[in-house]
Amino acid sequence: MIEFFKMSGSGNDFILIDNREGALSSIKNIPSFVEAICRRKVSVGADGVILVERSPRADFQWRFFNADGSEVEMCGNGGRCVARFAYLKGIAGERMSFETVAGLIDAELRGDDVKLRLTEPSSLQANQPIPVGDEILTVDSLNTGVPHVVAFVEELGGFDVFRYGRALRYAEAFQPAGTNANFVTVTSLHSLSVRTYERGVEDETLACGTGSVASALAAAARGLVESPVEVTVRSGERLKIHFERIDGAFRNVYMEGRVRVIYEGRLWEEAWQENGN
Ligand SMILES: N[C@H](CCC[C@H](N)C(=O)O)C(=O)O
């Protein structure tokens with residue numbers, strides 16, 4: 001039996017497994033294991049899977065996988081969940097650091113809230129024209145641990161996030177890595193709303209942490225918002241984004257918000273193995 005936690009970071013949901021003692025040593029192909037247990041209705045169901053491993057230079061290191069089994073550099077909401085998971089499991093104290101492919105992440109627990117310091121954002125490019133069918137979408141792109149594009153729209157309510165998000169995610173301009181796609185409406189100097197199509201989930205998610213940060217920074221680069229920025233995500237929950245702008249570069253970027261433990265479970269092999277093989 002493989003023990004796991006199911007957690008939600010503002011609606012972005014994850015399966016977390018403490019793999020420091022090799023809980024997954026019997027799993028031959030981790031990406032296909034991840035894809036199987038992330039399938040909703042026929043298995044646990046989640047936007048991603050987080051494995052906690054030992055680290056010689058931080059409280060722990062993690063491996064992050066999207067629901068399609070792709071392993072990627074970083075996940076903001078997953079980072080907030082893993083911080084609380086590590087604290088609850090006695091792997092780390094209220095202040096911790098963990099290694100990701102994107103770099104070292106600092107986290108701090110504040111009750112049910114977790115505040116995460118992200119890696120330095122990079123590669124900000126504004127006003128890129130991207131063809132979508134017979135339209136041209138103007139997007140900003142940047143990397144907040146993973147690649148994101150940000151498009152500012154008038155009305156988010158009825159916006160076809162799946163159609164436009166998928167088109168941007170697979171657009172020629174962002175290949176071969178692809179990108180996550182965020183659609184943003186700025187609501188004040190310190191607030192915006194965002195909806196995100198996530199690479200590797202291949203659908204809109206109820207929240208995207210690095211996408212919320214990318215949206216706040218792209219809006220700040222246009223002078224539309226100033227730190228701190230309260231970001232309302234698709235679930236209706238809010239993330240608080242803090243940052244400084246030094247010589248035009250964004251520094252000391254933090255995201256903060258609630259995470260919830262939904263349940264603890266034990267995976268049966270049927271959760272990932274097709275019956276009969
Ligand atoms: N789907 C993203 C990774 C997860 C990011 C998101 N869940 C977050 O909270 O930052 C990607 O493949 O780049």
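It should be emphasised that the depicted structure is a prediction, and the values quoted were computed from it without experimental measurement. Counting convention: from 1, in listed order, for ligands and their atoms alike.
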Nearest neighbour in protein (non-hydrogen) for atom 9 (O) of ligand 1: G209 N, 2.7 Å
Within a 6.0 Å radius of atom CZ on F33, are there more than 12 heavy atoms belonging to other residues, nucleotides or ligands? yes
Quick look: N77 vs ligand 1, heavy-atom contacts under 4.0 Å, and the answer is both
At under 4.0 Å between heavy atoms, which part of T210 makes contact with ligand 1: side chain, backbone, both or neither? both
Just need the protein heavy atom nearest to atom 3 (C) of ligand 1, so name the residue and atom and give the distance. N66 OD1, 3.5 Å
Below 4.0 Å from any atom of ligand 1, is there a heavy atom belonging to V201? no
So, the side chain of R80 versus the backbone of R258: is there a donor-acceptor pair under 3.5 Å, distance only? yes
Applying salt bridge (charged side-chain N to carboxylate O under 4.0 Å, His left out), run through E3 and R266 and close with a yes or a no. CA-CA 4 Å; E3 295 182 350; R266 284 200 306 274; 5.4 Å; no
Pick from R199, R195, R169: which one makes a salt bridge (charged side-chain N to carboxylate O under 4.0 Å, His left out) with E204? R195
Note: ligand 1 atoms sitting under 4.0 Å from heavy atoms of G76 are 8 (C), 9 (O), 10 (O)
Test F159 against every option in Y197, Y164, F152 by the ring-ring contact (aromatic ring centres under 6.0 Å, His included) rule and name the one that passes. Y164
As an exercise, identify every atom of ligand 1 less than 4.0 angstrom from a heavy atom of C208. 6 (C), 8 (C), 9 (O), 10 (O)
Quick check on contacts: which atoms of ligand 1 are under 4.0 angstrom from a heavy atom of V72? 3 (C), 12 (O)
Run the side-chain hydrogen bond (donor to acceptor under 3.5 Å, both in side chains) check on T205 and E198 step by step: do they pass? CA-CA 7 Å; T205 55; E198 277 203 47; 2.9 Å; yes
If we set the cut-off at 4.0 Å for heavy atoms, which region of N180 has an atom near ligand 1: side chain, backbone, both, or neither? side chain
Mind checking whether G78 has an N or O less than 3.5 Å away from an N or O of ligand 1? no
What's the verdict on side-chain hydrogen bond (donor to acceptor under 3.5 Å, both in side chains) for T138 and N127, showing C-alpha distance, side-chain angles and the deciding distance? CA-CA 5 Å; T138 300; N127 295 322; 5.8 Å; no
Is ligand 1 less than 4.0 angstrom away from at least one heavy atom of G200? no
Evaluate side-chain contact (heavy atoms from CB on, under 4.5 Å) for H242 paired with K115, printing each intermediate quantity in order. CA-CA 10 Å; H242 307 258; K115 186 171 184 178; 4.2 Å; yes
Could you tell me whether M74 approaches ligand 1 through its side chain, its backbone, both or neither, with non-hydrogen atoms closer than 4.0 Å? backbone
Per-atom contacts of ligand 1 with V146, taking only distances under 4.0 Å to non-hydrogen atoms: 13 (O)
Give the intermediate values and the outcome of side-chain hydrogen bond (donor to acceptor under 3.5 Å, both in side chains) for residues T179 and H148. CA-CA 5 Å; T179 183; H148 284 275; 5.7 Å; no
Closest approach of any protein heavy atom to atom 5 (C) of ligand 1, naming residue and atom: E198 OE1, 3.5 Å
